[in-house]
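Encoded as structure tokens, the structure appears first; notes follow it.
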Amino acid sequence: MRVLCLAAILLLSHCVLRAQSPTLEVRNGTWGKTLYADGVQVDKQTFSGHMQQQNEAAARMFRSGRSMEGWGTALGSIGAFCVGYSLGYMIGGGDLEPMLLAGGGVVMAGGIVLSICGVKKIKKSINLYEESCKGTPVSLRLDISPAGAGLCMVF
């Protein structure tokens, strides 16, 4: 009976320790990405702090992904402005400016690619964080030794 009580205490303490690391997720909101820790909306610093406590590599990857996404959005916007200006000028009766149109298109495409890579890096960092929180699986087995028989919990 004592062995079962000890096994139950060990199992419950392991479950409590695993429950202390928050579940992090990023959802697409109306005006950008919304960050959640355990289903509660948090700001960037709190989100990064949770991630940094558990896994420094995941936190660095998250910050790098956010930076890439921001640069991609900025470059894409500049390129889109150049393309729009060139097309609007042409529609208004002006001459086509192929260098501005082509340059804007290249910058816009590069910005889109950079933004997509940043989003993928953010998702990868969250997956890395979640994997580091999983830990090792718990197993319970009957162990027989020269001193007697008992339950053995491995975690």
Side-chain angles (χ1 to χ4, degrees), residues 7-141 151-155:
I9 289 171
L10 287 174
L11 181 64
L12 290 174
S13 64
H14 179 71
C15 292
V16 167
L17 289 174
R18 287 208 3 107
Q20 288 180 351
S21 46
T23 303
L24 302 178
E25 63 180 312
V26 177
R27 298 181 194 161
N28 288 330
T30 306
W31 299 106
K33 306 235 177 306
T34 309
L35 308 172
Y36 290 89
D38 287 331
V40 178
Q41 185 176 353
V42 295
D43 61 348
K44 288 182 243 181
Q45 288 77 22
T46 306
F47 190 86
S48 185
H50 283 307
M51 193 175 275
Q52 195 162 4
Q53 286 175 353
Q54 187 71 22
N55 191 333
E56 178 64 34
R60 268 194 314 272
M61 189 181 294
F62 175 76
R63 287 191 300 267
S64 174
R66 295 255 326 164
S67 178
M68 283 177 70
E69 184 185 17
W71 278 105
T73 301
L75 286 175
S77 299
I78 291 169
F81 175 78
C82 292
V83 169
Y85 177 80
S86 178
L87 290 176
Y89 189 71
M90 186 180 70
I91 290 172
D95 293 333
L96 175 66
E97 299 200 20
M99 293 304 291
L100 184 62
L101 183 64
V106 168
V107 170
M108 184 174 64
I112 290 170
V113 168
L114 196 60
S115 183
I116 289 171
C117 289
V119 169
K120 285 183 179 181
K121 203 168 197 178
I122 289 171
K123 289 179 183 178
K124 188 176 178 183
S125 72
I126 292 174
N127 289 338
L128 182 66
Y129 170 81
E130 293 294 334
E131 287 176 11
S132 69
C133 290
K134 284 183 183 176
T136 58
V138 178
S139 66
L140 187 64
R141 67 174 191 259
L151 289 174
C152 180
M153 179 187 285
V154 179
F155 56 91

- Item | Contact list for residues 101-117, test salt bridge (Lys or Arg N to Asp or Glu O under 4.0 Å), sequence neighbours left out | none
- Residues Ser115 and Thr73: closest non-hydrogen pair is OG-OG1, 4.1 Å
- Query: Closest heavy-atom contact between Ser48 and Ala59?
  - Reply: O-CB, 4.4 Å
- Note on the structure: So salt bridge (Lys or Arg N to Asp or Glu O under 4.0 Å) across residues 57-86, not counting sequence neighbours, yields Lys33-Glu69, Glu56-Arg60, Glu56-Arg63
- Item | For Cys117 against Met68, the heavy-atom pair lying closest together | CB-CE, 3.5 Å
- Message: Please evaluate residues Gln41 and Leu35 with respect to the criterion side chain to side chain contact (heavy atoms under 4.5 Å, CB included), reporting the C-alpha separation (whole Å), side-chain torsions for both, the decisive distance (0.1 Å), and the verdict.
- Response: CA-CA 6 Å; Gln41 185 176 353; Leu35 308 172; over 6 Å; no
- Item | Heavy-atom closest pair, residues Ser125 and Ala58 | CB-O, 3.4 Å
- Query: Can the ring centres of Phe62 and Phe47 be said to be less than 6.0 Å apart?
  - Reply: yes
- Note on the structure: Interatomic distance, CD@Gln54 vs CD@Glu131, rounded to 0.5 Å, equals 12.5 Å
- Counterpart residues, side chain to side chain donor-acceptor pair (under 3.5 Å), relative to Gln53 (two or more places apart): none
- Item | Separation of Asp95 CG from Ser86 OG (nearest 0.5 Å) | 10.5 Å
- May I have all residue pairs that pass ring pair (Phe, Tyr, Trp, His ring centres under 6.0 Å) and include part of residues 67-105, sequence neighbours excluded? none
- Task: Output yes when a side-chain donor or acceptor of Thr46 lies under 3.5 Å from a complementary backbone atom of Val42, and no otherwise.
- Result: no
- Message: Holding to side chain to side chain contact (heavy atoms under 4.5 Å, CB included), I want the full list of residues that pass it with Leu75, two or more places apart in sequence or in another chain.
- Response: Val107, Leu114
- His50 side, atom NE2; Tyr129 side, atom OH - distance, nearest 0.5 Å: 7.5 Å
- Query: Would you say Met51 and Ile126 make side-chain contact, with heavy atoms under 4.5 Å?
  - Reply: yes
- Applied to residues 97-124, the salt bridge (Lys or Arg N to Asp or Glu O under 4.0 Å) test, sequence neighbours excluded, yields none
- Query: Heavy atoms, side chains only, cut-off 4.5 Å: are Val26 and Ile122 in contact?
  - Reply: yes
- Query: To the nearest 0.5 Å, what is the distance between CG (Leu100) and CG (Leu87)?
  - Reply: 9.5 Å
- For the pair Asn55 (side chain) and Ala57 (backbone), establish whether a donor and an acceptor sit closer than 3.5 Å, ignoring hydrogens and angles. yes
